[in-house]
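Nothing here was measured: the structure is a model prediction, and the numbers come from that model. Basis for what follows: all heavy atoms, side chains included, without hydrogens, waters or symmetry-related copies. Note on naming: letters A, B, ... go to the chains in the order of the sequence lines (proteins, then strands), and numbering restarts at 1 for each one.
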Amino acid sequence: MTDNLQSLFQLRIREMGGWCEIVESLESVCALLGKKYAFDKNEIVFSGRVTKLLNGSKLTGVDVESIHPGDRREILAHAMVGITTCDGLIAETGTAVLVNHPSEPRELSLLPERHIVVATDDQLYESLNACLSRIKESYLAGSMPSLTLVSGPSRTSDIEKTLVVGVHGPKEFGVVVIGT
Amino acid sequence: MTLLRILGCDPQYDPRQTCCGQPAFNAGYHTDARLVAEHFVEVFKDAEEIVSLSGSCATMVKVFYPQMELTGALSETVGGITSKTFEITDYIVNQLGVTDLGLTYTGRVAYHDSCHIMRELRIVDEPRKLLRSVKGIELIELDLADRCCGFGGLFATKFPDISVAMGEEKLESIQRAKVDLVVGCDNSCLMHLQGLADKRGVNLKTKHIIEFLGDLIK
Amino acid sequence: MNLRASQFKANARIAAQDTGLRSKVKKATGTALTKRKQTVDELPEWESLRQQGHDIRKEVVDNIDRYLRSFTDAARLNGAIVHHANEHNDATKIIYDIIRRVSANSVVKSKSMITEELHLNRMLEENGIRVIETDLGEYIIQLAGETPSHITAPALHKSKEDIARLFQEKLNISYTDDPAVLTAVVRKRLRDEFLNTRVGISGVNFACADTGTITIIENEANARLCTVLPEVHIAVMSIEKIIPSFDDLSLFLKLLSCSASGQRMTSYVSMINGPRSSHNPDGPRQLHVVILDGGRRQLAKHPAWKEALYCIRCGACLNVCPVYQSVGGHVYGSVYPGPIGSVLTPTLFDMKEAQDLPFASSLCGACTDICPVKIDLHHHLLWERREVVDRGYKSFTEKIAMAVWRWMMLSAGRVEFAGRLGWLIQKVFGKNIPAPGWTPRRRFPALARRSFRSIMKREKNNDG
């Protein structure tokens, strides 16, 4: 079942112009991203949740929490890669569900040139409905944070219905799933 | 008539009949439409079955009569009228159970879906079945098969420019299909397309499906 | 052109003959329809999703007051400031006051049909507030000083060459008609505006009555930038944007994405649950939700026309409509063009002004078939025609003509006589006598000498 969901997720995310790689270990995540993005350390920013997930494995870049809040927006606006975790992957639509989190500000998935999600295969849901119900259940009324669903890079077809990728948001969207 | 007799029916024509009332209904004149509809119900109330050569008129009776405020005894008759009225290809295929008339024709023919037949009565396959049963026929599907030709009753005269623009699109689709003949179940669409083609000097022949099949019998 | 609904006939006549416009609109709508069909064809449950969508929208419109109260309470609990506006002017004033209170002199704005309905930009600009439209299509339209011609693709009537010339003239860049380059120009220009503007205005696609969630769908990320970066976010919606529950979102996201752009899900969906707070670590410090009635509560009471309020603004009925494809959106003279516009404009705004719109349809029914919430669009047009007639808006000549027609149709003899008269006229004057509205571009068919009726009569007499 998980295999089916994984391949469906990969298919859907590719249809939307994103990519998905499945790796086996935390080290492979760092190796994959390190190889893919040979930018300066300061041009790669990841969230505190990513740091926690990688559990000591070394990823080139800076933790957004180590940046002074006053400089944060400026740095993110010039970053080449923003790396976040997520709270669910939706196979039927190729979507990553991001819940607003103190160590993972929404600017991180919005301002950098690229947005990469690091997730685990137990976060895969077949349908959006299942994932959203789970999230809703875990908060009391009036305390649910804001959510962002990301299913691809920023795109437009406003000029003669010609698809152009990278309008106002990230030009690239990728998901690395840690699984077996 | 000949076709129906061959199929074993005994068709009757009541000369008192006029119109189903659709022109007024579509124009918003529901009182006028109602009076004409009541005339229709009066004429046809004793018929066993009512078969219409126009899908649009059949739509008027089957779909819109029940929604009209007919008066008196006629309002009770209307339910019966509605259920015994049929568009002719629907009648032949689904009531008489005939799909093969054993006819022969050589040529490329396109079937034109009239909107009322396709979307109100949901009759899509019936005429195609009858046409496909004709030996030697090459039945072509138009690339804009489900698109309105732009006739639309009074629409064609109220907004002639839009109607013609829509007709031109359809005509181009027909030309792309390179057919000798366009067959339909509603003469009004065919009249619009034929008139447009004639004016533009486009070589197009249109025929009502029953006229087409009937001619093959002769 | 005087773009008012009352001028539809005249404007449509010009537009229908503009083959350049027609080919642009045809190309864009055709692409949209093909993509939609590909996606929908892969969803075997589509018909049942449409029915569910219809039922839920009906439930909301039938109980609009209850859902409005519930949404308001839930949004307030989330920390949003909720404003109710009865009239259009009330809404614009509320929005203006919010901007004034924080001493802002510009706003970034994402696409919103309701702000078009409010003519918000004009009002704000008149009061010295610069409005920066950030959706690419809206940016183009704003630059050209026009209004959107489509609900979801506002610049659909412009070719890339049109846009290239516009950018060359207004932005002082060298001519290029490469959509990627044109898009990059806009990205670069708007980045700083997003980072530095203190107020963001957005529309709302769905507002959940149980959780107070405001949902905005998009592909470009401009709505995210407008709703995450500024200090103040003003979300503008009309009352019928409410859906009962957060649990209904996945259904409506699917219906809307598929119908609008043929996507299973748009690139981004923002579900906003309040301003920055203990549970929302970033985002604007103030979230205002401005909810417009604008005649909708009244419309919700009408047994048939309330259906127009089920609309989720996907634009599919525009794409599929052969009339829209032939004339584009501007000639409708309404914020809402196409079939849904022809249903909504006379009933929500002004039936006398928009009396031609219900007639501007061949009643082909393609709109009803494509509507993701199963609004019976083309039948509503029929009933609205009746209303236009009943209110006496039609000309005396037309009424007389209809009475004559009725008089004829009530007697077979009179029909027979008219047929023979027609045949005689053709015989005497030839087939090319002009019939206004028909013959200028279509030939009139030859009338038969003997009617079917007389043939049948003779046949019967011979038998007898």
Side-chain angles (χ1 to χ4, degrees), chain A residues 12 15-18 73-74 77 90 92-95 97 99-111 127-133 135-136 139-171 173, chain C residues 24 27-28 31-32 74 77-79 134-137 140 153-156 158-160 163 179-180 182-184 186-187 190-191 194-195 211-213 219-222 224-225 228-229 246-247 249-251 253-254 261 263-274 278-283:
Chain A
R12 293 289 179 241
E15 283 175 351
M16 283 288 292
R73 199 166 275 187
E74 186 63 20
I90 316 302
E92 65 170 358
T93 52
T95 304
V97 179
V99 176
N100 200 4
H101 192 275
S103 72
E104 201 165 81
R106 280 179 283 181
E107 288 104 315
L108 182 55
S109 59
L110 181 57
L111 291 174
S127 72
L128 178 62
N129 210 13
C131 177
L132 291 183
S133 312
I135 290 171
K136 182 183 160 190
Y139 295 98
L140 292 172
S143 71
M144 179 164 42
S146 294
L147 279 68
T148 310
L149 273 49
V150 184
S151 306
S154 157
R155 59 193 248 163
T156 186
S157 307
D158 274 351
I159 302 178
E160 284 197 0
K161 294 277 163 193
T162 310
L163 178 66
V164 177
V165 170
V167 195
H168 297 298
K171 297 174 176 174
F173 172 59
Chain C
K24 284 183 263 188
K27 188 178 164 197
T31 312
L77 191 63
N78 286 339
T134 61
D135 170 86
L136 179 61
I140 293 166
L156 171 136
K158 290 203 174 300
S159 68
K160 59 182 195 289
I163 296 163
L182 294 167
T183 304
V186 178
R187 176 183 171 106
L190 288 186
R191 249 312 151 103
F194 283 124
L195 290 167
T211 55
T213 307
N219 279 308
E220 296 184 5
N222 64 309
R224 289 178 72 195
L225 288 158
V228 169
L229 299 184
F246 188 77
D247 304 328
L249 270 177
S250 52
L251 169 71
L253 291 174
K254 201 178 272 183
S261 56
Q263 294 169 283
R264 282 164 201 280
M265 193 64 69
T266 53
S267 283
Y268 305 115
V269 180
S270 301
M271 300 179 181
I272 297 165
N273 286 315
S278 55
H279 63 272
N280 244 337
D282 63 43

Q: State whether the side chain of C:Ser267 and the backbone N or O of A:Pro153 hold a donor-acceptor pair below 3.5 Å, judged by distance alone.
A: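 Present.
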Q: Give a yes-or-no answer on whether the side chains of C:Arg264 and A:Thr95 include a donor-acceptor pair shorter than 3.5 Å.
A: no
Q: What is the minimum heavy-atom distance between A:His168 and C:Arg187, and which atoms define it?
A: C-NH1, 3.6 Å
Q: What distance separates A:Thr148 OG1 from C:Arg224 CZ, expressed to the nearest 0.5 Å?
A: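 If I round to the nearest 0.5 Å, the distance is 5.0 Å.
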Q: Please classify the contact of A:Glu74 with chain C as side chain, backbone, both or neither, using a heavy-atom distance under 4.5 Å.
A: neither
Q: Is it the backbone or the side chain of C:Leu136 that comes under 4.5 Å from a heavy atom of chain A, or both, or neither?
A: both
Q: What residue, out of A:Glu107, A:Glu104, A:Met144, has the most heavy-atom pairs lying under 4.5 Å from chain C?
A: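 Heavy-atom pair counts peak at A:Met144.
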Q: Output the option from C:Leu253, C:Val269, C:Thr266 having the highest count of non-hydrogen pairs under 4.5 Å with chain A.
A: C:Val269
Q: In terms of heavy-atom pairs under 4.5 Å with chain C, which of A:Thr156, A:Val99, A:Val165 leads?
A: A:Thr156
Q: Between A:Leu128 and C:Met265, is any pair of side-chain heavy atoms under 4.5 Å apart?
A: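 The answer is yes, as the side chains (C-beta and beyond) meet within the 4.5 Å cut-off.
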Q: Highest number of heavy-atom pairs under 4.5 Å with chain A: which of C:Ala221, C:Ala153, C:Pro281?
A: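 The answer is C:Pro281.
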Q: Report yes if the side chains of A:Arg106 and C:Ser270 come closer than 4.5 Å at any heavy-atom pair, otherwise no.
A: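 Result no, sub-4.5 Å side-chain heavy-atom pair not found.
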Q: Does any backbone or side-chain atom of C:Leu225 lie under 4.5 Å from a heavy atom of chain A? Answer side chain, backbone, both or neither.
A: both
Q: Please name the pair of heavy atoms, one in A:Val150 and one in C:Tyr268, separated by the smallest distance, quoted to 0.1 Å.
A: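 Heavy atoms only, the tightest pair is CG1-CE2, 3.7 Å.
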Q: Decide whether C:Asn280 and A:Ser146 meet the rule of one side-chain donor and one side-chain acceptor closer than 3.5 Å.
A: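 Looking only at side-chain atoms, A:Ser146 and C:Asn280 do form a donor-acceptor pair, the distance falling under 3.5 Å.
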Q: Do you see a donor-acceptor pair shorter than 3.5 Å between the side chains of C:Asp282 and A:Asn100?
A: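 There is such a pair (donor and acceptor under 3.5 Å, judged by atom type) between the side chains of C:Asp282 and A:Asn100.
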Q: Report the option among C:Leu249, C:Asn222, C:Ile163, C:Leu251 that has the most heavy-atom pairs separated by less than 4.5 Å from atoms of chain A.
A: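 When all of C:Leu249, C:Asn222, C:Ile163, C:Leu251 are compared, C:Asn222 has the most.
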Q: When you measure from the side chain of A:Arg73 to the backbone N and O of C:Leu229, does any donor-acceptor pair fall under 3.5 Å?
A: yes
Q: Run the numbers on C:Phe246 and A:Leu147 for side-chain contact (heavy atoms from CB on, under 4.5 Å), then give the verdict.
A: CA-CA 12 Å; C:Phe246 188 77; A:Leu147 279 68; 4.3 Å; yes
Q: Do A:Leu132 and C:Asp247 have side chains that get closer than 4.5 Å, going by heavy atoms?
A: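 No. Closest side-chain heavy atoms not under 4.5 Å.
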Q: Counting only heavy atoms closer than 4.5 Å, note whether C:Lys254 contacts chain A via side chain, backbone, both or neither.
A: side chain
Q: So which atom in C:His279 and which in A:Gly142 form the shortest heavy-atom distance, rounded to 0.1 Å?
A: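 So the minimum-distance heavy-atom pair works out to CE1-O, 3.0 Å.
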Q: Does a donor on one side chain and an acceptor on the other come within less than 3.5 Å for A:Ser154 and C:Glu220?
A: no
Q: Sort A:Val164 into side chain, backbone, both or neither according to what part of it lies under 4.5 angstrom from a heavy atom of chain C.
A: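 Side chain only.
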Q: Taking C-beta and beyond as the side chain, do A:Leu111 and C:Leu195 meet within less than 4.5 Å on heavy atoms?
A: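 Yes, their side chains come closer than 4.5 Å.
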Q: Between C:Asn219 and A:Arg155 (side chain of the first, backbone of the second, donor and acceptor by atom type, cut-off under 3.5 Å), is there such a pair?
A: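 No: the side chain of C:Asn219 does not pair with the backbone of A:Arg155.
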Q: With only heavy atoms counted, which part of C:Ser159 is less than 4.5 Å from chain A, the side chain, the backbone, both or neither?
A: both
Q: Side chain, backbone, both or neither: which part of C:Ala74 has a heavy atom under 4.5 Å from chain A?
A: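 It is neither, since no heavy atom gets under 4.5 Å.
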Q: So which of A:Val97, A:Asn129, A:Thr93, A:Ile90 has the largest heavy-atom pair count under 4.5 angstrom toward chain C?
A: A:Asn129
Q: I need the C:Asp135 CG to A:Asp158 CG distance, nearest 0.5 Å.
A: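 The distance works out to 5.0 Å.
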Q: Is any side-chain heavy atom of A:Lys136 closer than 4.5 Å to one of C:Thr211?
A: yes
Q: Is C:Lys160 close to chain A through its backbone or its side chain, or both, or neither, when contacts mean heavy atoms under 4.5 Å?
A: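 The answer is both parts of C:Lys160.
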Q: What part of C:Ser278 is in contact with chain A, defined as an atom under 4.5 angstrom from a non-hydrogen atom: side chain, backbone, both or neither?
A: neither
Q: I'd like to know whether A:Ile159 forms a side-chain contact (heavy atoms from CB on, under 4.5 Å) with C:Lys158, so could you lay out the CA-CA distance, the side-chain angles of the two residues, the decisive distance to 0.1 Å, and finally the verdict.
A: CA-CA 8 Å; A:Ile159 302 178; C:Lys158 290 203 174 300; over 6 Å; no
